[in-house]
Each structure stands twice: as C-alpha cells, then as structure tokens.
Amino acid sequence: MSLRASLFGIIIALAATSCVSTPPFRDKEGKPIEGSIAVMEKVTVGGIDQWLFIRGADSSRPVLLFLHGGPGSPETPLVRSFCPDLERLFTVVHWEQRMSGKSYSGNTPEESITVEQYVRDTLEVTAYLRKRFERDRIYLMGHSWGSILGVLTVKRDPRPYHAFIGIGQVVHQIEGEELSYDFVMSKAKENNDRRAVRRLEKIGRPPYPRERIVSSLWKERKLVVKYGGAFYSGENRKKIMRARHILCQDEYNLCDKINWIRGQIRLCRNLFNEILGIDLREAAPRLEVPVYFFQGAHDYQTPAALVKDYFGMLDAPRKELFLFENSAHSPIFEEPERFIELVRDKVLEGR
C-alpha cells in the first residue's frame, strides 16, 4: 500500500470515529452565555446506550423532552436552524431514540423494537431528567412519529408531565396513508402527471406488505413532497431538507451519519407495521394532562382531517388545536415565529 493510500485510510478512520459536540450558546461578543447548557450525554435506557443532546440558553427554564419523528429521524439541527427560540423558552432535551442517529446499535435486539419498548424508554428518560434537573414534572413534545409515542406515553403515566404538545399529530397511520395516497393520486390526475399516476397504480393503495413497505412508502412520499403535502412551499422544502441533511450535523461523526441511515431503514421495516395498526381514537380517547396540537393545514403525511377528528372527541383537562395555514407537516419549522408565540402564550403562560 502506498503512503498516500495509508494516509487517506487514517484520515477516513479518524473522521469516522472523531469526537463531536453540540454548539454552545454565545452572546453577541461570541462568549458562552452564563447559565446556558449545551451538552451531549450517553445514558443507559432500557438496557441500551442512548444519547441526549441537552440544550438551553437558560438552564433554569422548564425542561422539555422532544420526541423526534421517523421513526429514526432525529431533528436537533432543524430546531437549531429554524426554531432556535424553543431552546430559549425551555431547556430542550433532544433524545436520539433507540436505533436512531447516535443511538443506533447493530446489537439492539430485534424483539425490543416495539412501540411498547419505546413507551417504556420515554418514561425512563423522563425519570432521568426529573432527577437530573430536580423537577417534579416536565413538558413532552412530539413531532410525527414522536407525536403518537408521546400520546401513548402520557396515556400510560401522566404524572411526570405538565402537558403534551403534538406537532404533525399521528392519529391512525394506516388511515392517514390511505388519505395521503388518495391526495397524490388526485393531484397527479389533476396535473395530467401520467408518470406519477402509473407509479401510484403500480405500488397500489396502502397498506403495503412488510417486504416492500419501505420502497412503496418512499415512492409515494416523494409525490407527497412534490404536491405540497410535506412542505407547504418549494422554498420551505429546500431550506428544511438542506438543514436536516445528516452531513450538516455537528453532533455526528462519519460513523454516526452512516448509522443514521441504517437506523431509519431498519426501524421502518421493523416498527412501521405496528404503528399502522394504532388508532389513538381507540387507544387514547382521554388524556389526563393538557394537550396542544400544532397542525399544518396542508399536511398529507399526517392529514389534518384526522387530527381534527381526534381533537373533537378527545377528553382532556384542557385542549387546543392550532391550524397553520402556511404549513404542511412541520409548522415548527415552516412557521416558527407563530409556533413559538403560541407555545409561549398558550402552553407556558396559559397553564
């Protein structure tokens, strides 16, 4: 082997395993803000090492556990890029869930990749945070897959939580996928997009068999994106996709970035079929904490019609539904100013 090849191999190895960190909070002069927190912690949850990114401009603020989407799609860089004020209202804990991002491990038992295990993991992380920050209760926020996980967790044990905030709320995934398919088929025909129509006819209407669920959803979701059911505008789509790109994540080395992709694929194959069968209207008709839904009016990944239906029948001490007319699946990133205003005025100060 040549010296050049050897040096290249060493550089790649270092990049793959290099130490990384989450960016600190700095003032206008570039100095770290006193009382802020920006740390990465590895904790054992459910017998598996999992990572927490704990970020807040003021560590005395209320603690919020953020449940990312996917499953398998951590969103720390998106919050930093599009909704940084969330980390000023709260001490935000971005938890990379089992088999997601830095928490990916090929040794994770297949039998542990269940919704039940993720609920137990969430409660265990919650207990750790309550003890670490000496808080009786914390806030729970979930986006997409994280929203159904959040509801099921609060249903299991509401005592550790001030409130639940659902963004792009999953209600009944299989019904949502059917509405999504019908939406893109209608749009394809309306736009005389024969290629899209043929593609949709080929994959068929959901549900999809386990062996081709990943490929079928990938093809259908590309059309959801194309027709505005994932991002309300093309500009939003470009900015969000650029920010969420794993190559841009400061907290990941090369090995982590590879595992981010591996985790998404494995979780989709092993967890999605179980998610499809959950209907929150039956599983969680009542929650014992205040509930706030933040929903994009144009969302066809988790269709707004189902969220409205669930909200209408949900029994909770307090509930509010906020529709975002210029958003699809991610109002937290598409309309962050209004999102933060509502969280501050309705969730924090309105309790």
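Residues take their numbers from the sequence shown, with the count starting at 1. The structure displayed is predicted, hence computed values, not measured ones.
- Checked by atom type and distance alone, the side chain of Glu75 pairs as donor or acceptor with a backbone atom of Gly69 at under 3.5 Å.
- In summary, the side chains of Glu41 and Tyr128 do present a donor paired with an acceptor at a separation below 3.5 Å, with no hydrogens or angles considered.
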Requested in this report: Would you check, one step at a time, whether the test salt bridge (charged side-chain N to carboxylate O under 4.0 Å, His left out) holds for Glu124 with Arg120?
Outcome: CA-CA 6 Å; Glu124 192 170 335; Arg120 292 201 298 263; over 6 Å; no
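- The aromatic ring centres of Trp51 and Tyr252 sit 6.0 Å or more apart.
- In this structure, Phe339 has its ring center closer than 6.0 angstrom to the ring center of Phe294.
- There is a side-chain donor-acceptor pair under 3.5 Å between Glu220 and Ser180.
- Ring-centre distance between His329 and His143: below the 6.0 Å cut-off.
- No salt bridge links Arg199 with Glu201; every basic N to acidic carboxylate O contact stays at or beyond 4.0 Å.
- Asp256 and Tyr104 share no donor-acceptor pair across their side chains, judged by distance under 3.5 Å alone.
- A search for side-chain contact (heavy atoms from CB on, under 4.5 Å) contacts involving Leu179 returns Pro303, Leu306, not counting sequence neighbours.
- With hydrogens and angles disregarded, a donor-acceptor distance shorter than 3.5 Å links the side chain of Arg98 to the backbone of Gly46.
- Alongside Phe25, the hydrophobic cluster contains Ile33 (criterion: ILVMFWY side chains under 4.5 Å).
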Requested in this report: Mind running salt bridge (charged side-chain N to carboxylate O under 4.0 Å, His left out) on Asp182 and Arg205 for me, showing each step along the way?
Outcome: CA-CA 8 Å; Asp182 294 343; Arg205 198 167 185 266; 2.8 Å; yes
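- Listed here is the closest heavy atom pair of Ile113 and Thr108: CG1-CG2, 4.5 Å.
- Within a 6.0 Å radius of CZ in Arg194, no more than 12 heavy atoms belonging to other residues, nucleotides or ligands are found.
- Side-chain contact, Glu87 with His94: a donor N or O sits under 3.5 Å from an acceptor N or O.
- Taking 4.0 Å as the cut-off between side-chain N and carboxylate O, Arg281 and Asp309 count as a salt-bridged pair.
- For Thr22 and Glu251, the side-chain atoms include at least one donor-acceptor pair closer than 3.5 Å.
- In this structure, Pro74 and Glu96 approach most closely via the heavy-atom pair CB-OE2, 3.1 Å.
- Taking the six-membered ring for Trp and the full ring otherwise, the centers of Tyr161 and Tyr139 sit at least 6.0 Å from each other.
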